[in-house]
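Not measured: the values here are computed from a predicted model. In this chain, residues are counted from 1 in sequence order.
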Amino acid sequence: PDERSLALEMGVSRTSLREAIKILVASGVLVIRRGVGTFVSETPGRVDDPFGFAFAEDKKKLLEDWYQVRLIVESEAMELVAKNATDEELQGLEDLARRQGDLIKAAGNQQQDKGNTFSYSFMELDQEFHSALAAATHSAVMGRVLPALHEWVYFGAAIGEYPRLSRQMEENARKSHLTIARFLKMRDGKGANLAMRYHMLQA
């Protein structure tokens, strides 16, 4: 509802209502869309850059630390996926990895004459795969922590300094994502764990 209607409905002043909305927006519960209205967030309580990584001064050190934590957490999470995911989710992960691999290969062929440029489409594909893995853990904590941890790369703060690595990263994802998905489809948690570790170490 608009501000006036909501204030009347709740029996509070518009000033109090505005203050409450500010607090809820800051907490990630509400989202204000300018010229449209105020809405409940699709991911309540989640905020951009929850760890404040964008403010780190040494981006190279941050990138190394970031990969180290992902290596520990995301590799172990594969055991949960192998144990908890439905057959449909595991098939979906394999299909997603195959589709992404085809897109990455096609994009690579187009980029050969243009130099190594890290494509935003690849970043979206990479995030989609890792988010699907997080959801397939069926863990309320992993389902939120892994995407939040993974999302930092999309600030481009550190990756942007290493454009020469972009093609290698795309090839790593193309091969590793499918390998991870295949181990998971076999319900081989240890194999998927090791495949994810290899993926992270290569990255």
Exercise for review: For side-chain contact (heavy atoms from CB on, under 4.5 Å), just list the numbers for H130 and L146, CA-CA rounded to whole Å, side-chain angles, deciding distance to a tenth of an Å, and then say yes or no.
Suggested key: CA-CA 8 Å; H130 286 272; L146 291 183; over 6 Å; no

Is a side-chain N or O of [X] found less than 3.5 angstrom from the main chain of [Y], in a donor-acceptor match?
X	Y	value
Q100	L125	yes
R187	A82	yes
N84	T137	yes
N193	A77	no

[X]-[Y] side chain donor-acceptor pair, cut-off 3.5 Å:
X	Y	result
D126	H177	yes
E89	H138	yes
S13	S16	yes
Q91	D95	yes

Review point. Do the non-hydrogen side-chain atoms of T38 and V31 ever get within less than 4.5 Å of each other?
Key: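 Of all side-chain heavy-atom pairs linking V31 with T38, none is under 4.5 Å.
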
Point to revise | Flag side-chain contact, heavy atom, 4.5 Å: V29 against S41 | key: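 Counting from C-beta outward, V29 and S41 never come under 4.5 Å.
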
Exercise for review: Would you check, one step at a time, whether the test side-chain contact (heavy atoms from CB on, under 4.5 Å) holds for M142 with V73?
Suggested key: CA-CA 9 Å; M142 283 291 190; V73 178; 4.2 Å; yes

**Study point:** Within 6.0 angstrom of M186 CE, more than 12 heavy atoms from elsewhere
**Key:**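 Counting other residues, nucleotides and ligands, CE of M186 exceeds 12 neighbours.
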
**Study point:** side-chain contact (heavy atoms from CB on, under 4.5 Å) evaluation trace for L93 with V81
**Key:** CA-CA 11 Å; L93 282 165; V81 178; 4.3 Å; yes

**Study point:** Listed partners of E9 passing side chain to side chain contact (heavy atoms under 4.5 Å, CB included), at least two apart
**Key:** P1, L6

Nearest 0.5 Å please: distance from the [atom1] atom of [X] over to the [atom2] atom of [Y].
X	Y	atom1	atom2	value
S176	E171	OG	CD	10.0 Å
R4	L17	CZ	CG	13.0 Å
F39	I32	CZ	CD1	11.0 Å
M10	S5	CE	OG	13.0 Å
R174	L178	CZ	CG	9.5 Å
M196	T179	CE	OG1	11.0 Å

Looking at [X] and [Y], what are the two nearest heavy atoms and their distance?
X	Y	value
N172	H199	ND2-O, 3.0 Å
L184	L90	O-CD1, 3.3 Å
A195	F183	CB-CD1, 4.0 Å
M169	Y67	CE-OH, 3.4 Å

Does [X] share a hydrophobic cluster with [Y], counting links as ILVMFWY side-chain heavy atoms below 4.5 Å and allowing steps through other members?
X	Y	answer
L194	F129	no
V69	L201	yes
L71	W66	yes
L149	L80	yes
I72	Y198	no

Check your understanding: Applying salt bridge (Lys or Arg N to Asp or Glu O under 4.0 Å), which residue pairs with at least one partner in residues 132-145 are found, sequence neighbours left out?
Key ->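 Output for this query is empty, none listed.
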
Does the pair [X]/[Y] count as a salt bridge with the N-to-O cut at 4.0 Å?
X	Y	value
R99	E128	yes
K61	D65	yes
E79	K83	no

